[in-house]
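Single-structure report; data block below.
In this chain, residues are counted from 1 in sequence order.
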Amino acid sequence: MKYDNYIFDLDGTLLNSIEDLAASCNYALRNFGMPEYPVEDIQNFVGNGVRKLMERSVPQGADNPMFDQVFQLFRTYYLDHSTVYTRPYDGILELLKVLKEQDKELAVVSNKFDAATKDLVRRYFGDTITIAIGESKNIQKKPAPDMVLEAMRQLNSTTENTVYVGDSDVDIATARNCSIPCVSVLWGFKDRRFLIEHGATTMVSHPSDILDL
């Protein structure tokens, strides 16, 4: 089936941002004398927003009396260092170019801070993607449907002509909560087995495969 509207997750789907996330997380932990983690462990912690990432990284999580300070330092550092290593995955820019040439409408939704989401989308994708929605006080994070429904409103789209593309169990649940199909990518932060265990039904190995759906 061909879709008219494509809503993408950001981290692990369009952008390989794990090294910058890990560096920012470890910077905050290090400054408070807490244990640091290799990139592979940080990759297992992501998928539910940056607060959840830090809850999984800080000893005792949100119950740690220093948690809010560590989290705030992470936020501040990451906003200033979110593009050191981050790059689009191979084939993503070509995919987006073809979709735009086919007059498809594109949007991004992310559990990353709204300011960081908008900055990264603008920096890496320019005018190709003009709708970018991140975490804010006014909208619930994924897997709540709010972000995707707001993107659909701005796209003037319907459940019949919209598809969601993501790399995690949160993305699968988000699409389900919006009653739209989900395409799960295999180049992101979660592997095939994990995605299948969490309900993935359509998976792609390369961005160009999305054009065949």
Side-chain angles (χ1 to χ4, degrees), residues 1-21 39-40 43-44 46-48 85-112 117 120-134 142-143 145 147-149 151-152 154-213:
M1 177 179 181
K2 297 294 183 181
Y3 301 99
D4 297 319
N5 305 278
Y6 291 75
I7 300 176
F8 294 91
D9 171 56
L10 187 60
D11 297 281
T13 301
L14 297 180
L15 294 180
N16 186 353
S17 56
I18 194 62
E19 289 192 41
D20 283 328
L21 287 167
V39 173
E40 292 77 13
Q43 184 164 317
N44 290 328
V46 299
N48 300 83
Y85 303 107
T86 294
R87 297 291 183 272
Y89 286 100
D90 290 344
I92 287 296
L93 294 179
E94 292 81 1
L95 166 67
L96 298 179
K97 181 175 182 291
V98 171
L99 290 175
K100 290 301 289 185
E101 289 173 348
Q102 295 179 351
D103 294 322
K104 306 302 183 182
E105 298 294 335
L106 312 178
V108 165
V109 297
S110 173
N111 279 346
K112 188 189 293 293
T117 298
L120 288 169
V121 170
R122 181 169 54 250
R123 178 184 295 268
Y124 290 106
F125 308 118
D127 294 335
T128 304
I129 301 177
T130 57
I131 297 172
I133 301 169
K142 300 180 291 181
M147 289 183 180
V148 172
L149 293 178
M152 291 175 64
Q154 294 186 36
L155 292 171
N156 195 29
S157 67
T158 68
T159 56
E160 287 75 27
N161 61 12
T162 304
V163 65
Y164 182 81
V165 183
D167 76 303
S168 73
D169 53 322
V170 173
D171 296 314
I172 295 168
T174 300
R176 184 184 304 120
N177 290 338
C178 298
S179 300
I180 60 175
C182 181
V183 175
S184 299
V185 307
L186 296 175
W187 57 81
F189 298 160
K190 306 299 181 183
D191 62 23
R192 180 187 293 271
R193 175 181 293 181
F194 178 93
L195 292 170
I196 291 175
E197 287 175 350
H198 288 84
T201 56
T202 302
M203 291 169 283
V204 291
S205 299
H206 189 272
S208 61
D209 296 338
I210 293 174
L211 299 171
D212 298 325
L213 299 176

Which residue is it: V109, V121, L96? I am looking for the one with a side-chain contact (heavy atoms from CB on, under 4.5 Å) to F8.
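Exactly one candidate clears the test, L96.
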side-chain hydrogen bond (donor to acceptor under 3.5 Å, both in side chains) between T162 and S157: does it pass, once the steps are laid out?
CA-CA 7 Å; T162 304; S157 67; 3.1 Å; yes
Which of parallel (below 30°), tilted (30 to 60°) and perpendicular (above 60°) describes Y6 and Y3?
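Because their plane-to-plane angle is over 60°, the rings of Y6 and Y3 count as perpendicular.
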Residues that A175 engages under side-chain contact (heavy atoms from CB on, under 4.5 Å), provided they are two or more places apart
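For A175 the side-chain contact (heavy atoms from CB on, under 4.5 Å) partners, ignoring immediate neighbours, are Y164, I180, C182.
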Is a side-chain N or O of [X] found less than 3.5 angstrom from the main chain of [Y], in a donor-acceptor match?
{"X": "N161", "Y": "T158", "answer": "yes"}
{"X": "K100", "Y": "E105", "answer": "no"}
{"X": "W187", "Y": "S205", "answer": "no"}
{"X": "D209", "Y": "V204", "answer": "no"}
{"X": "N177", "Y": "P145", "answer": "no"}
{"X": "D167", "Y": "F189", "answer": "yes"}

Is the shortest heavy-atom distance from the side chain of I210 to the side chain of L95 under 4.5 Å?
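When only atoms from C-beta onward are counted, L95 and I210 do touch, with a gap below 4.5 Å.
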With rounding to the nearest 0.5 Å, note down the distance linking CG in D4 to CG in N156.
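Here the rounded value is 11.0 Å.
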Test side chain to side chain contact (heavy atoms under 4.5 Å, CB included) on T130 and Q154; report intermediate values, then the result.
CA-CA 10 Å; T130 57; Q154 294 186 36; over 6 Å; no
